[in-house]
2 protein chains.
Amino acid sequence: MTQTHNQPCAIAQALNIFGDNWTWLIIREAFYGVSRFSEFQRNIGIAKNLLSNRLSTLVEQGIFEKKNVGENGTRYSYHLTPKGAALRTPLFAILLWGNEYISGDGNEAVLLTERNTGRQLTTMSLVSESGEPIEPNDVRAIAGPGANQEILDKFENARNLKKQK
Amino acid sequence: MTQTHNQPCAIAQALNIFGDNWTWLIIREAFYGVSRFSEFQRNIGIAKNLLSNRLSTLVEQGIFEKKNVGENGTRYSYHLTPKGAALRTPLFAILLWGNEYISGDGNEAVLLTERNTGRQLTTMSLVSESGEPIEPNDVRAIAGPGANQEILDKFENARNLKKQK
DNA sequence: TTTTTTTGGTTTAATAATGAAACCAATATA
DNA sequence: TATATTGGTTTCATTATTAAACCAAAAAAA
């Protein structure tokens, strides 16, 4: 990666990990059950040195766990940690968006379904503590405890803009 | 972008648009109400030539709409289209993941809250047609109508692996 | 047991992308 | 009328990516 973001915003931080052309595909393959270097490489067509780099940083970041398999040799497996498995949500969100706005209805390469009923799942939503879906319009982003001055200003500013309207 | 993915999977397709260090930050700023070139540039610290490139492709992709503002001059605004606004879901999913696994509880720079109650929102979920949240374990990815042989094989293979267990 | 193949990389060299700075024309603002 | 701002483009040095060659250890095949 060519420049690292040092904003405290979690999006910027996440981009330091995922802000490239390959990492999400590696994660995707992991969800499909891929765990070996050569399998990742074949399935996504990434150059070996890049895959090597990416996997190292993903291991560093605690997203993959690297294990020795096969006695005490040079064979390894890469598995998602809980932190990595939690990427299921953003990954699915991207998939659903792409299905709707890029592939289009009837052209989706991969669908999400409910296991029991087999029904297709097409929407994702924030849910309240009591388990109710929240409409996008009912969601507000606010500065959190880790905000810096820039973020505080930004939300202050956003509030003022709304007031004026 | 250095290589475009030509897999039919929506994740790969989406990476052709978002698979870089900056694009999600541009989208983020748009959600915060930013619409002008110079504002994007200041807020995220991106080089002007890169911002120019990125905005062009986002306009091409139908994610931003570019409008003339200020009589008939060289002043423009960039606003999210419905396709762009729908990126709210993946963006929030990434934010929540980052808040939980990078920032950590009590260090979040930006929080999502329910507008009426002010309560913090920390989880996102697939919802069924009837509006009920679906547990991750109850979700299954399957090949869709737009799948190619590679994807068909992959899911066939995943099914066989499960059978063996 | 020997040979061949697979695995999981590293190294190298060419090409492409990025980043920072300089530049610029049209328009707003003072 | 003079100055500043906007929304870029151009240039050039630095960094990242790609493809290919190479390699040692281990596994599989002969």
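Order of the sequence lines sets the chain letters (A, B, ...), proteins ahead of strands, with each chain counted from 1.
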Pairing residues for B:Gln120 by the side chain to side chain contact (heavy atoms under 4.5 Å, CB included) criterion, not counting sequence neighbours: B:Glu108, B:Leu111, B:Thr122
Got a list of side-chain donor-acceptor pairs under 3.5 Å for residues 78-85 of chain B, not counting sequence neighbours?
residue	atom	partner	partner atom	Å
B:Tyr78	OH	B:Lys66	NZ	3.4
B:Thr81	OG1	B:Gly62	O	2.6
B:Thr81	OG1	B:Ile63	O	3.3
B:Thr81	OG1	B:Lys83	N	3.3
B:Thr81	OG1	B:Gly84	N	3.1
B:Lys83	NZ	B:Gln61	O	2.8

Counting primed atoms plus P, OP1 and OP2 as sugar-phosphate and everything else as base, spell out the protein contacts along nucleotides 3-13 of chain D at 4.0 Å heavy-atom distance: B, S or - for each nucleotide, 5' to 3'. --BSBBBBB--
Calculate the interatomic distance between A:Leu25 atom CG and D:dT17 atom P; express it in whole Å. 14 Å
Separation of C:dT6 P from A:Gln41 CD (nearest whole Å): 14 Å
Just the rounded figure in Å: distance from P of C:dT7 to CG of A:Asn43. 12 Å
Who pairs with A:Glu29 by salt bridge (Lys or Arg N to Asp or Glu O under 4.0 Å), at least two apart in sequence or on another chain? B:Lys154
Once side-chain hydrogen bond (donor to acceptor under 3.5 Å, both in side chains) is applied, what residue pairs with a partner in residues 86-103 of chain A remain, sequence neighbours excluded? none
A:Leu50 CG to C:dT15 P, straight-line distance once rounded to whole Å: 18 Å
Check the distance between D:dA19's P and A:Ile46's CD1 and give it to me in whole angstrom. 11 Å
B:Trp22 vs C:dG19: side-chain N/O to OP1/OP2 distance below 4.0 Å: yes
Please give, in whole Å, the distance from C:dT18 C1' to A:Leu15 CG? 16 Å
Separation of A:Lys67 atom NZ from C:dG8 atom C1', in whole Å? 18 Å
Mutual orientation of the aromatic rings belonging to A:Phe31 and A:Phe92 [parallel < 30°, tilted 30-60°, perpendicular > 60°]: tilted
When rounded to whole Å, the CD1 to P distance for the pair B:Ile44 and C:dT18 reads 13 Å
Can you list everything that forms a side chain to side chain contact (heavy atoms under 4.5 Å, CB included) with B:Asn49? Sequence neighbours excluded, please. B:Ala47
